[in-house]
Amino acid sequence: MKNDTKKNTAQGLKDVVSLISSGQVELLPVFDLFPLGVTIVDANGYIVYCNSAQAKIDGVRHADAVGKYLGDVYTAGKPLETSVILSCLQTGKPIINRTSLHRTRFGKLVNAQHHAFPLYTEGKIAGVILFLEPFSNRQVDCLQSQIQAQPQDRVSFDSIVGGNAMFRRAVNIARTAAAGPSPILICGSTGTGKELFARGIHEASPWSSGPYMTVNCAAIPATLLEGILFGTSKGAFTGALDKKGLFEEANNGVLYLDELDSMPLELQAKLLRTLQERKVRRVGSTQERPFNVKLVCSISDKPDVILEQKRLRPDVFYRVAVAQVELPCLRERLDDLEDLCRFFLLRHNNLLQREVMGISQQTMELFRQYGWPGNVRELEHIIEGALNLASGYDMLEPDLLPDYFFRELGQHHSENTGQPQKATWSEIQDTEKQALETALQKSGGNLSRAAGLLGISRQLVAYHMRKCGLKREDYFFQ
């Protein structure tokens, strides 16, 4: 029965495709009703069709587009290096969810999401069909409001936990550099506290009474990032209004550009000019507006690696790295581990209404062996996750740690010593069960005495017994 259904479905699909191919079913009238823009070009890049929505989006008449070469309608015959349609023609592969900016020969800018699909006939590419959805001004506003809604908690360098020599040097450099107008570049792996330092710089600077604005350059589509940073002028692109960018919004305050090396190189050039002239020009405007902003940027890799890979222009790097703060990884500051653990334990005990008094010696030993690829952020999340499971616990024990921690621990230990890992999750469970059985045998199944022998609470003994499938009556004295 299932095979018959599959055959019928396959035959039905072939019939529909045959009707479309023979012209008995026309799709163009359907495309005319689409709310999205639709454009079809032939193999040579000539426009053979555009629907009413596309004509309206681009502000052109059908007669100005159909039959014309793509480059004569868009960018007035100039090379279409970023054209989604031509890229699809050249590669023969679909391009989905590509954010791109194009300009018509009449000067109209369109900021939109593109979906391009190659059209084949007899195994050869015959053209491309493009579906286009323009970004509305409301979408841009929504993105910008999310950026501006970042937490504005005041952070003092005095409140940042850590006494490690490398870490304190970073704090001292950041605190000193915060007093002057020069840009600061924070370098550090993911989770080392770059955002925390940026907020500390804001608090320690003469701009502390002004706004603190932040944007992650890797999280915003490139064509939207320019308008968000520099602002827009009415009519610059579809739905654009006169709107301040973050440089203007952060005036007399601090602007933090996270993941700067994710910013497109052409946008980096505009950033460089803006910083050098201390004036900002909105997209679509010729007017330049002065600003007074303390700029803080960050990268998550070593500067020489980023420059070698050409993710950051050298002239931009030298401009934003007037003062450079390098944050050490957690594995480079393990002497801060206990202080950080106490801090996060106190914070999340309060948030989760737990009464875990500390972290067991065994757990701390595992923490010291671990490589911490996610750094301080990972440490906090592991402690928070463990406390979520710690009902009835007095101490944070190894069995509360996530499974991935032990997999990473084994890999890290093997890579660094060439030896098998010291403790796998299964080994810890076996050791735990053996210790419980020994204590229960000595105490004759008395949980209070067993707890005294193990140095843990009676409730914790009962919990581990349930987990290991042990019954106290099996250990009563005969």
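- Using a distance-only test at 3.5 Å, with no hydrogens or angles considered, no donor-acceptor pair links the side chain of Thr39 to the main chain of Leu130.
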Which atom pairs, one a donor and one an acceptor, fall under 3.5 Å between side chains of residues 315-324 and the rest of the protein, sequence neighbours left out?
| from | atom 1 | to | atom 2 | distance (Å) |
| --- | --- | --- | --- | --- |
| Asp315 | OD1 | Arg313 | NE | 3.1 |
| Asp315 | OD2 | Arg313 | NH2 | 2.7 |
| Gln324 | NE2 | Glu326 | OE2 | 3.3 |

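- Closest approach of Leu396 and Leu345 over heavy atoms only: CD1-CD1, 4.2 Å.
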Please list every donor-acceptor pair under 3.5 Å in which a side-chain atom of residues 379-387 meets a protein atom from a residue at least two apart or in another chain.
| from | atom 1 | to | atom 2 | distance (Å) |
| --- | --- | --- | --- | --- |
| Glu380 | OE2 | Arg347 | NH1 | 2.7 |
| Glu380 | OE2 | His348 | NE2 | 3.0 |

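- Using a 4.0 Å cut-off between charged nitrogen and carboxylate oxygen, Glu277 and Arg273 count as a salt-bridge pair.
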*Does the side-chain hydrogen bond (donor to acceptor under 3.5 Å, both in side chains) test come out yes or no for Tyr256 and Ser298, once each step is laid out?*
CA-CA 8 Å; Tyr256 173 47; Ser298 74; 3.0 Å; yes

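- Between Arg199 and Glu195 a salt bridge is recorded (basic side-chain N to carboxylate O distance below 4.0 Å).
- Once rounded to the nearest 0.5 Å, the distance linking CG of Asp258 with SG of Cys217 reads 7.5 Å.
- A salt bridge links Asp158 to Arg175: one of the charged nitrogens lies within less than 4.0 Å of a carboxylate oxygen.
- Scored by the side chain to side chain contact (heavy atoms under 4.5 Å, CB included) test, Val305 finds Asp301, Lys302, Gln309, Arg311 as partners (sequence neighbours excluded).
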*Might you work through the ring pair (Phe, Tyr, Trp, His ring centres under 6.0 Å) test for Tyr212 and Trp207, ending with a clear yes or no?*
CA-CA 9 Å; Tyr212 170 77; Trp207 295 269; over 10 Å; no

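- Residues satisfying the ring pair (Phe, Tyr, Trp, His ring centres under 6.0 Å) test with Phe230, not counting sequence neighbours, are Phe247.
- With sequence neighbours excluded, the residues that form a salt bridge (Lys or Arg N to Asp or Glu O under 4.0 Å) with Arg342 are Glu338, Asp339.
- Distance alone, capped at 3.5 Å, is enough to place a donor-acceptor pair between the Gln268 side chain and the Met263 backbone.
- Judged by distance alone, with hydrogens and angles left aside, the side-chain atoms of Lys194 form a donor-acceptor pair with the main-chain N or O of Gly188 at under 3.5 Å.
- Every residue was checked against the side-chain hydrogen bond (donor to acceptor under 3.5 Å, both in side chains) condition with Asn388, not counting sequence neighbours, and none meets it.
- Between Lys471 and Asp474 no salt bridge is recorded (no basic side-chain N to carboxylate O distance below 4.0 Å).
- To the nearest 0.5 angstrom, Leu337 atom CG is 7.5 Å from Phe367 atom CZ.
- In this structure, Arg168 contributes its side chain and Gly162 its backbone to a donor-acceptor pair below 3.5 Å.
- Lys279 places no side-chain N or O within 3.5 Å of a backbone atom of Thr274 that could act as its donor or acceptor partner.
- Ring centroids of Phe197 and Phe167 are separated by less than 6.0 Å, placing the two rings close together.
- Side chains of Asn164 and Asp336: no donor on one and acceptor on the other come within 3.5 Å.
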*Take Thr363 and Ser360, measure what side-chain hydrogen bond (donor to acceptor under 3.5 Å, both in side chains) needs, and give me the verdict at the end.*
CA-CA 5 Å; Thr363 302; Ser360 72; 2.8 Å; yes

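- Salt bridge annotation for Arg281-Glu288: present, with a cationic side-chain nitrogen under 4.0 angstrom from a carboxylate oxygen.
- In this structure, Tyr393 contributes its side chain and Leu400 its backbone to no donor-acceptor pair below 3.5 Å.
- For Glu378 and Tyr370, the side-chain atoms include at least one donor-acceptor pair closer than 3.5 Å.
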_Run Glu259 and Ser300 through side-chain hydrogen bond (donor to acceptor under 3.5 Å, both in side chains) and show every step you take._
CA-CA 7 Å; Glu259 303 288 351; Ser300 295; 3.0 Å; yes

